[in-house]
Asks: 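I am attaching a structure below and will ask some questions about it afterwards.
Residue numbers count from 1 along this sequence. All values derive from a computational prediction rather than experimental measurement.
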Amino acid sequence: MVKQDYLVRMIQEIISVIARAILNKKKIRQQDRDEYDLLTQQMLGFPVKELATMDVQELIDRYANEEDRIGKLELASVYLLRFSEEVEDDILLKSKLRQDGIRLLKYVQQEDTNFSIQRDCLIRMLETNQ
C-alpha cells in the first residue's frame, strides 16, 4: 500500500511539472527531462519514446487489468502532450501526439472515480487552443 501511495505521488508530481511547463510554454531542463523520462519509463514499463508510435486504444488495453491503470494512463497522456510541444519540424506528428494526449486525458477524466478540476481545466484549455 505504501509503495502504491508513493507511486501515485510520483505520478502526480511528474504530471504537475509537465502540465506547468506546457501551460507556461517553459522548456524543461534536460537533466529534469531525463529524470522524468526514466521515472516514467519505470512506471509505464516501456521506453517513453514508444508512446509516439502507440495508439490510444493500445495504451488503454495495455493497462486494462492493472490496479493503477488510471494513473499510468494519465501519465502517458501528459507525456504525449509534452512530446507534442517539443516537436517542431513535423506538423502531422505534432498534431497526432496532441490529439492522442487529449483523447487519452478525456478517457482518464471519464473513467476515473475521482473528478479532477485541474484535469478538466487542462482539457478545456487544450481544446480551446487547437
Side-chain angles (χ1 to χ4, degrees):
M1 186 66 166
V2 172
K3 183 178 179 182
Q4 185 177 3
D5 290 342
Y6 175 74
L7 287 175
V8 168
R9 278 188 262 127
M10 289 301 296
I11 290 170
Q12 290 172 337
E13 177 64 26
I14 291 170
I15 290 169
S16 296
V17 169
I18 293 171
R20 279 194 303 272
I22 290 170
L23 291 172
N24 298 329
K25 297 285 184 181
K26 180 181 174 184
K27 296 290 183 188
I28 301 173
R29 291 183 313 160
Q30 185 63 40
Q31 181 182 0
D32 291 338
R33 183 179 303 148
D34 293 342
E35 183 180 331
Y36 298 145
D37 287 349
L38 183 61
L39 286 171
T40 302
Q41 180 175 322
Q42 290 173 349
M43 287 182 223
L44 294 180
F46 61 90
V48 291
K49 298 296 182 191
E50 288 182 21
L51 283 172
T53 60
M54 292 180 113
D55 182 60
V56 171
Q57 191 59 48
E58 182 182 350
L59 274 170
I60 292 169
D61 293 343
R62 181 181 201 124
Y63 300 116
N65 297 324
E66 294 194 26
E67 201 173 300
D68 56 349
R69 72 184 184 91
I70 293 296
K72 288 181 178 182
L73 291 173
E74 186 171 26
L75 182 61
S77 69
V78 173
Y79 259 81
L80 286 168
L81 293 169
R82 188 195 103 191
F83 288 154
S84 75
E85 291 297 316
E86 292 175 356
V87 173
E88 294 178 7
D89 301 348
D90 189 348
I91 196 160
L92 292 175
L93 178 61
K94 183 178 185 86
S95 178
K96 178 202 177 298
L97 293 172
R98 185 177 176 100
Q99 291 298 320
D100 286 352
I102 293 171
R103 190 168 142 215
L104 196 54
L105 204 55
K106 284 181 176 179
Y107 174 83
V108 168
Q109 182 74 341
Q110 181 181 22
E111 295 296 317
D112 195 5
T113 56
N114 300 316
F115 180 80
S116 169
I117 292 173
Q118 295 88 345
R119 192 186 304 135
D120 189 56
C121 290
L122 181 60
I123 291 168
R124 289 180 189 199
M125 185 216 52
L126 291 167
E127 288 180 330
T128 302
N129 290 331
Q130 285 185 345

Asks: Are Tyr107 and Ile60 side-chain neighbours, meaning at least one heavy-atom pair lies under 4.5 Å?
Replies: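 Result yes, sub-4.5 Å side-chain heavy-atom pair found.
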Asks: Taking it one step at a time, do Val78 and Leu104 satisfy side chain to side chain contact (heavy atoms under 4.5 Å, CB included)?
Replies: CA-CA 9 Å; Val78 173; Leu104 196 54; over 6 Å; no
Asks: Kindly compute the distance separating CG (Leu126) from CD1 (Ile102), expressed to the nearest 0.5 Å.
Replies: 4.5 Å
Asks: Which atoms form the tightest heavy-atom contact between Ala76 and Leu59, and what is the distance?
Replies: CB-CD1, 4.3 Å
Asks: Mind checking salt bridge (Lys or Arg N to Asp or Glu O under 4.0 Å) for Lys106 and listing every partner two or more places apart, or none if nothing turns up?
Replies: Glu127
Asks: Ion pair present between Arg98 and Glu85, side-chain N to carboxylate O less than 4.0 angstrom?
Replies: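 Yes, charged N to carboxylate O under 4.0 Å.
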Asks: List for me each residue that meets side chain to side chain contact (heavy atoms under 4.5 Å, CB included) alongside Asp90, sequence neighbours excluded, and say none if there are none.
Replies: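 Side chain to side chain contact (heavy atoms under 4.5 Å, CB included) list for Asp90, sorted by chain: Val87, Leu92, Leu93.
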Asks: Yes or no on side chain to side chain contact (heavy atoms under 4.5 Å, CB included) for Met125 and Thr128, after CA distance, side-chain angles and deciding distance?
Replies: CA-CA 5 Å; Met125 185 216 52; Thr128 302; 5.7 Å; no
Asks: Taking the side chain as every heavy atom from C-beta outward, state whether Leu73 and Ser77 have any pair of such atoms under 4.5 Å apart.
Replies: no
Asks: Measure from the side-chain N and O atoms of Ser95 to the backbone N and O of Ile91, and report whether any donor-acceptor pair falls under 3.5 Å.
Replies: no
Asks: Could you check whether any side-chain heavy atom of Leu97 comes within less than 4.5 Å of a side-chain heavy atom of Leu51, counting everything from C-beta outward?
Replies: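 Counting from C-beta outward, Leu97 and Leu51 never come under 4.5 Å.
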Asks: Return the CG to CE distance between Leu80 and Met54, rounded to the nearest 0.5 Å.
Replies: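 Going from the CG atom of Leu80 to the CE atom of Met54 covers 10.0 Å.
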Asks: Who pairs with Ser116 by side chain to side chain contact (heavy atoms under 4.5 Å, CB included), at least two apart in sequence or on another chain?
Replies: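 For Ser116, the residues satisfying side chain to side chain contact (heavy atoms under 4.5 Å, CB included) (neighbours in sequence not counted) are Gln109, Gln118, Arg119.
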Asks: Ignoring hydrogens and angles, write down the donor-acceptor pairs under 3.5 Å from the side chains of residues 38-48, residues two or more places apart or on other chains.
Replies:
residue: Thr40; atom: OG1; partner: Tyr36; partner atom: O; Å: 2.7
residue: Thr40; atom: OG1; partner: Tyr79; partner atom: OH; Å: 3.2

Asks: Which side chain to side chain donor-acceptor pair (under 3.5 Å) pairs, counting each pair once, include a residue from residues 53-64, with sequence neighbours left out?
Replies: Gln57-Asp61
Asks: Can you list every salt bridge (Lys or Arg N to Asp or Glu O under 4.0 Å) pair that touches residues 36-49, not counting sequence neighbours?
Replies: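 Non-adjacent pairs meeting salt bridge (Lys or Arg N to Asp or Glu O under 4.0 Å): Asp37-Arg82.
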Asks: Would you please name every residue forming a side-chain hydrogen bond (donor to acceptor under 3.5 Å, both in side chains) with Glu50, sequence neighbours left out?
Replies: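 With neighbours one apart ignored, the set is empty.
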Asks: Would you compute the distance between atom CG of Leu105 and atom CD1 of Ile123 and round it to the nearest 0.5 angstrom?
Replies: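 Answer for the CG-CD1 pair, Leu105 versus Ile123, is 4.0 Å.
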Asks: Go through Cys121 and Ile117 one step at a time and tell me if the side chain to side chain contact (heavy atoms under 4.5 Å, CB included) criterion holds.
Replies: CA-CA 6 Å; Cys121 290; Ile117 292 173; 4.0 Å; yes
Asks: For Glu66, what residues pass the salt bridge (Lys or Arg N to Asp or Glu O under 4.0 Å) criterion, not counting sequence neighbours?
Replies: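 Partners of Glu66 by the salt bridge (Lys or Arg N to Asp or Glu O under 4.0 Å) criterion, ordered by chain and then number, come out as Lys72.
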